[in-house]
Amino acid sequence: MEELLERLIEECRPYTSLGKTADYIPELAKKSPEALGVYVIGSEGRHSWAGDCRQSFTLQSMVKPILLLQALLDNGAETVQSKVGVEATGKPFDAINAGERTLDSRHINPMVNMGAIVMCTLIHGDSYEERFQRLLALTGQLVGDSQVSIDQAVYLSEKNHGSKNRALAYLLKSCGILEGDVEEVLDCYFRACSIQVDCRGLAHMGAVLANRGRLPDSNQRVFPAPLARYVNAILMTCGMYDGSGEFAIRVGIPAKSGVSGGIMAVVPTRMGIGIYSPALDHKGNSVAGIQLLEKLSRELYLSIF
């Protein structure tokens with residue numbers, strides 16, 4: 001596996017020149033666009049890696065499946081689906097999905113910004129500090145790092161340049177979909193997006209989802225198996241922004257990308273994969289990361305289709 005990963009890293013590194021870092025969040029624009037790393041954790045517990053897999057970065061939208069899991073654990077699927085739909089929007093992740101009629105919860109899903117902001121309101125706790133700490137604890141379990149923390153510089157950058165997300169949140173509030181104080185909800189969301197990981201952490205999260213809620217090394221259960229099915233299904237249809245359909249054809253596995261350049265991928269019953277390459281395409285997905293995943297999927301017959 002190591003030889004394969006090293007070869008794919010070298011084959012895909014030229015693709016980093018075809019994208020650019022997310023400059024609308026100033027701290028993300030500082031990352032080296034040439035970086036490319038991959039980490040794989042198999043269902044049998046074997047770890048393999050190559051490239052710049054030890055570089056740290058923030059979860060960004062890759063926190064959305066964790067927000068969804070926490071909301072499901074706290075409320076159940078029926079309540080969650082009453083607040084946010086499951087259908088792909090076919091629009092950019094930060095699109096304002098509103099027309100002449102009032103915004104309906106069925107118009108959004110948990111993998112776009114509007115849906116993720118709503119998920120923050122479904123986390124149980126007496127305060128948003130308590131809610132965030134519970135989310136951070138679940139994140140630590142999923143990424144295999146009990147000391148997981150936020151990148152303060154990225155958090156402040158997100159908060160100071162988050163006008164689009166504020167517009168989305170206030171639209172949700174005006175349509176009666178978002179409850180509570182908008183700024184408190186947004187602060188929780190900005191902090192969640194700023195949680196630091198590396199490729200190993202993403203692969204660990206993918207492995208837990210691949211193992212239907214069990215940790216890859218100890219087999220300890222983190223969440224019920226039906227929730228893994230729920231999350232993986234939404235990742236398959238909505239996880240790669242408005243490029244999810246093309247990704248399903250090219251790669252064929254559940255995955256979630258983030259504008260930091262990470263991709264967390266799930267191969268059910270087989271492995272979790274973490275990739276980092278911050279040069280993005282126009283949809284916000286890692287250019288070299290998708291190329292690497294496509295090649296890996298072909299080499300190892302990973303597609304679920």
Side-chain angles (χ1 to χ4, degrees), residues 1-41 47-63 92-93 143 145 148-158 161 193-206 239-243 246-247 250-251 253 255-265 271-300 302:
M1 177 68 84
E2 287 80 4
E3 290 182 5
L4 171 61
L5 296 180
E6 291 284 358
R7 173 167 62 82
L8 295 183
I9 285 285
E10 293 309 309
E11 290 179 6
C12 295
R13 197 174 292 279
Y15 288 99
T16 61
S17 64
L18 302 181
K20 66 175 186 176
T21 55
D23 54 8
Y24 62 91
I25 301 175
E27 280 298 314
L28 298 186
K30 298 177 181 179
K31 298 294 185 178
S32 170
E34 292 85 21
L36 177 60
V38 60
Y39 203 105
V40 176
I41 300 180
H47 293 228
S48 306
W49 60 88
D52 306 308
C53 61
R54 295 297 186 182
Q55 288 194 25
S56 63
F57 49 92
T58 51
L59 281 172
Q60 299 301 320
S61 282
M62 293 172 290
V63 80
F93 61 91
V143 304
D145 180 6
V148 68
S149 62
I150 69 169
D151 183 319
Q152 190 71 11
V154 173
Y155 159 63
L156 292 175
S157 189
E158 298 237 15
H161 296 84
C193 289
S194 304
I195 296 172
Q196 294 185 98
V197 292
D198 58 13
C199 289
R200 181 195 173 280
L202 292 185
H204 194 277
M205 189 197 321
M240 299 297 288
Y241 303 135
D242 48 327
E246 181 182 0
F247 184 84
R250 291 174 58 185
V251 183
I253 56 177
K256 185 72 198 83
S257 59
V259 295
S260 57
I263 302 177
M264 184 278 299
M271 67 184 69
I273 305 169
I275 288 178
Y276 174 62
S277 182
L280 311 178
D281 62 21
H282 68 284
K283 294 181 178 180
N285 294 319
S286 172
V287 178
I290 289 180
Q291 289 290 335
L292 197 157
L293 268 177
E294 181 178 8
K295 290 176 180 290
L296 188 62
S297 180
R298 288 180 179 176
E299 291 269 1
L300 301 179
L302 301 183

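The figures that follow rest on heavy atoms only: side chains count, while hydrogens, waters and symmetry mates do not. If you're wondering where the values come from, they're calculated on a predicted model, not measured in any experiment.
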Please identify each residue that fulfils ring-ring contact (aromatic ring centres under 6.0 Å, His included) with Tyr39, with sequence neighbours left out.
His47, Trp49
Heavy-atom check, side chain of Arg200 versus side chain of Asp145, under 4.5 Å
no
Is there side-chain contact between Ser260 and Met62, with heavy atoms separated by less than 4.5 Å?
yes
With the side chain counted from C-beta on, respond yes when Leu28 and Thr58 share a heavy-atom pair under 4.5 Å apart, and no when they do not.
yes
Mind listing the closest non-hydrogen atom pair of Ile253 and Ala265 along with its distance?
CD1-CB, 3.7 Å
Quick check: closest heavy atoms across Ala50 and Ile9, and the distance to 0.1 Å?
CB-CG1, 3.9 Å
Using side-chain heavy atoms (C-beta onward) and a distance below 4.5 Å, is Pro33 in contact with Thr16?
no
Hey, could you give me the CG/CG distance between Leu292 and Leu5, rounded to the nearest 0.5 Å?
7.5 Å
Answer yes if the side chains of Gln291 and Glu11 hold a donor-acceptor pair under 3.5 Å, and no otherwise.
no
With a 4.5 Å limit on heavy-atom distance, are the side chains of Met271 and Leu302 in contact?
yes
Ile195 side, atom CD1; Ile150 side, atom CD1 - distance, nearest 0.5 Å:
8.0 Å
Atom pair OH/CD of Tyr24 and Glu158 - distance to nearest 0.5 Å
8.0 Å
Got more than 12 heavy atoms from elsewhere within 6.0 Å of OH, Tyr155?
yes
When rounded to the nearest 0.5 angstrom, what distance separates CD1 in Ile273 from CG in Leu293?
5.5 Å
Distance, nearest 0.5 Å, that separates CZ of Phe57 from NZ of Lys31:
9.5 Å
Ignoring hydrogens and geometry beyond distance, is a side-chain donor-acceptor pair present between Ser56 and Asp198 at under 3.5 Å?
no
If every non-hydrogen atom of Tyr276 is compared with every non-hydrogen atom of Asp52, which pair is closest and at what distance?
CD2-O, 4.4 Å
Checking the side chain of Ser277 only, and the main-chain atoms of Leu36 only, is there a donor and an acceptor separated by less than 3.5 Å?
no
Ion pair check, Arg7 and Glu3, cut-off under 4.0 Å:
no
Lys295 vs Glu299, salt bridge (Lys or Arg N to Asp or Glu O under 4.0 Å): CA-CA, chis, key distance, verdict:
CA-CA 6 Å; Lys295 290 176 180 290; Glu299 291 269 1; over 6 Å; no
Taking the six-membered ring of Tyr241 as reference, does the cationic atom of Lys256 (NZ for Lys, CZ for Arg) lie under 6.0 Å from its centre and within 45° of its axis?
yes
Applying salt bridge (Lys or Arg N to Asp or Glu O under 4.0 Å), run through Glu246 and Arg250 and close with a yes or a no.
CA-CA 6 Å; Glu246 181 182 0; Arg250 291 174 58 185; 3.5 Å; yes
Atom pair CD1/SG of Ile263 and Cys199 - distance to nearest 0.5 Å
10.0 Å
Pairwise side-chain contact, Leu59 with Met205, heavy-atom cut-off 4.5 Å (strictly under):
yes
Considering only NZ, NE, NH1 and NH2 on the basic side and carboxylate oxygens on the acidic side, decide whether Lys20 and Asp281 come within less than 4.0 Å.
no
Of all heavy-atom pairs between Gly206 and Met264, which one has the smallest distance, and what is that distance?
CA-SD, 3.6 Å
Return the minimal non-hydrogen interatomic distance between Pro278 and Ala35, and the atom names on each side.
CD-O, 3.7 Å
